[in-house]
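Reading through the structure tokens given below for one structure.
Values reported hereafter were calculated over all heavy atoms of this structure, with side chains retained and with hydrogens, waters and symmetry mates removed. In each ligand, atom 1 is the first atom listed, and ligand 1 is the first ligand listed.
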Amino acid sequence: KKGYVMRKCCVEPDRRRTPFGKRGWKMLYAVLRDMILYQYKDEHQIKKGHFVESSHNAIRIHHALAIKATDYTKKQHVFRLQTADGAEYLFQTGDSKELQEWLDTINLV
Ligand code: I3P
């Protein structure tokens, strides 16, 4: 599964709240492969192997949980991703079908 999404970091892998100034939404191209959610600036960066510049560009999905973020009302079609190490992200997808596809893919690996 791959596609453009918007991402917001909420909780860091050390379980601390993502610091102010790093909590913004960012558009990126996400690719789920081998239980890792890779994040690229755009689809053309995949072959070059250029990830987004951030400490969150390869999120391990093993024992992670993706749930629809019904408590987050500022944007539509958003899911929350909680990883095994305690990090937390919000991802906004294009529509409800995309949202469900991401949830199914992440939760079934
Ligand atoms: C954040 C940015 C986010 C906002 C977040 C801000 O600022 O404005 O859009 O989240 O609010 O901290 P920055 O870009 O400087 O990191 P929302 O869009 O969800 O409001 P938050 O601190 O309440 O998470």
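With a 4.0 Å heavy-atom cut-off, ligand 1 is reached by the backbone of Lys22 but not by any atom from C-beta on.
Here the heavy atom of the protein found nearest to atom 6 (C) of ligand 1 is Phe20 CE1, 4.1 Å. In this structure, atom 3 (C) of ligand 1 lies nearest to the protein heavy atom Arg23 O, 3.5 Å. For atom 9 (O) of ligand 1, the closest heavy atom belonging to the protein is Trp25 CD1, 3.7 Å. Among protein heavy atoms, the minimum distance from atom 13 (P) of ligand 1 is reached at Gly21 CA, 3.8 Å.
In this structure, Leu81 and Glu88 have side chains that are not in contact, with every pair of non-hydrogen atoms separated by 4.5 Å or more. Taking 4.5 Å as the limit, some side-chain heavy atom of Leu90 sits within range of a side-chain heavy atom of Tyr72. Taking 4.5 Å as the limit, every side-chain heavy atom of Ile36 sits out of range of all side-chain heavy atoms of Ile61. The side-chain heavy atoms of Tyr89 and Ile59, taken from C-beta on, include a pair separated by under 4.5 Å.
The distance criterion of under 3.5 Å between nitrogen or oxygen atoms is met by Tyr72 with respect to ligand 1. Of the polar atoms of Gly24, at least one N or O is found under 3.5 Å from an N or O of ligand 1, judged by distance alone.
Of the residues listed (Tyr40, Trp102, Phe91, Tyr29), the one engaging Tyr4 in a ring pair (Phe, Tyr, Trp, His ring centres under 6.0 Å) is Tyr29, and it is the only one. Of the options Gln39, Glu12, Arg7, a side-chain hydrogen bond (donor to acceptor under 3.5 Å, both in side chains) to His56 is made by Glu12 and by none of the others.
Listed by number with element, the atoms of ligand 1 under 4.0 angstrom from any heavy atom of Lys74 are 17 (P), 19 (O), 20 (O).
Not counting sequence neighbours, the partners of Lys1 by the salt bridge (charged side-chain N to carboxylate O under 4.0 Å, His left out) test are Glu98, Glu101.
Ligand 1 lies less than 4.0 angstrom from a heavy atom belonging to Lys8.
Within a 4.0 Å radius of atom 24 (O) of ligand 1, the protein contributes one or more non-hydrogen atoms.
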